[in-house]
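One structure is given here, and the rest of the page talks about it.
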There are 2 protein chains.
Amino acid sequence: MAGQANKKADADTSPAGTDITDAVDFEIIELFFFAYRDFTSDPDVILEKRGFGRAHHRVLHFVDREPGMTVADLLDTLRITKQSLARVLKQLIDSGYIHQVAGPEDRRQRKLYTTKEGKTLARALAEPQSRRIAEALAKTGPGARDTIKRFLAGMKTAEEN
Amino acid sequence: MAGQANKKADADTSPAGTDITDAVDFEIIELFFFAYRDFTSDPDVILEKRGFGRAHHRVLHFVDREPGMTVADLLDTLRITKQSLARVLKQLIDSGYIHQVAGPEDRRQRKLYTTKEGKTLARALAEPQSRRIAEALAKTGPGARDTIKRFLAGMKTAEEN
DNA sequence: ACAATATGTCAGCTATGTTGACATATTTTT
DNA sequence: AAAAATATGTCAACATAGCTGACATATTGT
């Protein structure tokens, strides 16, 4: 009884039917909304102290996780525009959390790295989120982590390239 | 190396103490980010046609799901301020997607309901999200839905009242 | 040389969040 | 009945983080 709800198909429009097809999964939709709402609010307290917002968090996070990534990589990951990124990135650089290095092959590129302070902040921001995840997984039961991973990966739009 | 990574373990690095605690679950953090990013982008196309944004979607969704909810209920659910809500709610009312009724017991209240058009739009917006969920669940495997439900519920901050 | 690319920056707009103050109608308390 | 509290609406002003389009600079590729 697991994998059949995605059939939707049936063009019949059953007159007396209105069977499965119509079922919209409001329950998961809402749970997902509340889960993400609270998950993202965890680091807000820390960010506010530094005068940063969630946009800074995302940039710092990905640069920390993928050292040496370029501005173009970041734009692609975050799916925002150059100007939106420029603002927060500049602030992170000016504040000493991220630094740039001209690409060794292509010197037009700016490879991005977190500084020591950047790493510390990135870790501090990830920590409460990680704790929330660990607690939720623990409550869910053994083996949950693998299921969650697969589900979340499946929710992401597949990349073409 | 699949389902045991939630014990954080590794332990090394630490001289004698600080073992478990340090591991931060970057993997789930990122998967959650990408999953939500793409999940919320589904309805954007439909919203744009009507000149609405995600804020309108959230209001419409909850009013549709809980007919008769008051403005105060909505503020509590969305965790935004009265003024933020007022803007989008007014637009939804003016456009004929939501209507208000003075509370029968307490006539200061404005009970909110979706109109026929509102229900239709709410359904149209939920549909692609629901499809995405169904597909992700199907790929995840049988029994996944219950695990996901428990996990997402666990990610939400518990309410005091 | 010329074209393309990676990045930076300027100006201005929009959506959605915020605060604080105040008005109105209604209900509750004194 | 008068006063206080509550639910909602609204005004003004502001902040953050998206967006577009245009253009400048350095560098690389043809």
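Every chain is numbered from 1, with letters handed out A, B, ... down the list of sequences.
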Counting just side-chain N and O atoms, does [X] come under 4.0 Å of either OP1 or OP2 of [N]?
X      : N      : result
B:S84  : C:dT16 : no
B:R58  : C:dG17 : yes
B:Q100 : D:dG9  : yes
B:H56  : C:dA15 : no
B:T81  : C:dG17 : no
A:R107 : D:dT27 : yes

[X] [atom1] - [N] [atom2] separation (whole Å):
X      : N      : atom1 : atom2 : value
B:R110 : D:dT6  : CZ    : C1'   : 13 Å
A:F52  : D:dA17 : CZ    : P     : 10 Å
B:R108 : C:dT28 : CZ    : C1'   : 8 Å
B:L75  : D:dG9  : CG    : C1'   : 12 Å
A:E48  : D:dA15 : CD    : P     : 14 Å
B:L78  : C:dT18 : CG    : C1'   : 15 Å
B:R37  : D:dG18 : CZ    : C1'   : 15 Å
B:D76  : D:dA7  : CG    : C1'   : 14 Å

* **Sidechain-backbone polar pair: B:T140 side chain, A:T147 backbone, donor-acceptor under 3.5 Å** =>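 It does not hold such a pair.
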* Donor-acceptor contact present, side-chain B:R37 to main-chain A:T77, <3.5 Å ->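 Between the backbone of A:T77 and the side chain of B:R37 there is a qualifying donor-acceptor contact (under 3.5 Å).
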* Asked: About how many Å separate CG of A:L121 and CG of A:L47, when rounded to the nearest 0.5 Å?
  ->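 Reported to 0.5 Å precision, the distance equals 7.0 Å.
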* For residues A:S130 and B:A23, report the shortest heavy-atom separation together with the two atoms involved. =>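 Smallest heavy-atom distance, with atoms named: OG-O, 4.0 Å.
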* Asked: For A:E105, which contact category applies under a 4.0 Å heavy-atom criterion: base, sugar-phosphate, or nothing?
  ->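 Touches sugar-phosphate only.
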* To do: Decide yes or no, distance alone: a donor-acceptor N/O pair under 3.5 angstrom between the base of D:dG18 and the side-chain of A:R87.
  =>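 For A:R87, whose side chain was compared with the base of D:dG18, there is a donor-acceptor pair (under 3.5 Å).
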* Asked: What about A:R54: does its side chain form a donor-acceptor pair under 3.5 Å with the base of C:dG17?
  ->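 When only heavy-atom distances are counted, A:R54 does not reach the base of C:dG17 through any donor-acceptor pair under 3.5 Å.
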Return the nearest nucleotide to the side chain of [X]; candidates are [options].
X     : options               : answer
A:Q83 : C:dA11, D:dT10, C:dT7 : C:dA11
B:V71 : D:dA17, C:dG17, D:dG9 : D:dG9
B:A86 : C:dA6, C:dG17, D:dT10 : D:dT10

* To do: If the plane angle is over 60° it's perpendicular, under 30° parallel, otherwise tilted; pick one for B:H56 and B:F52.
  =>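 Parallel.
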* Side chains of B:S41 and B:D44: do they bring a donor and an acceptor to under 3.5 Å? ->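 No, no side-chain donor-acceptor pair sits under 3.5 Å.
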* Residue whose closest nucleotide on DNA chain D lies nearer the 5' end, A:K82 versus B:K90 ->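 With A:K82 and B:K90 compared, the 5'-side residue is B:K90.
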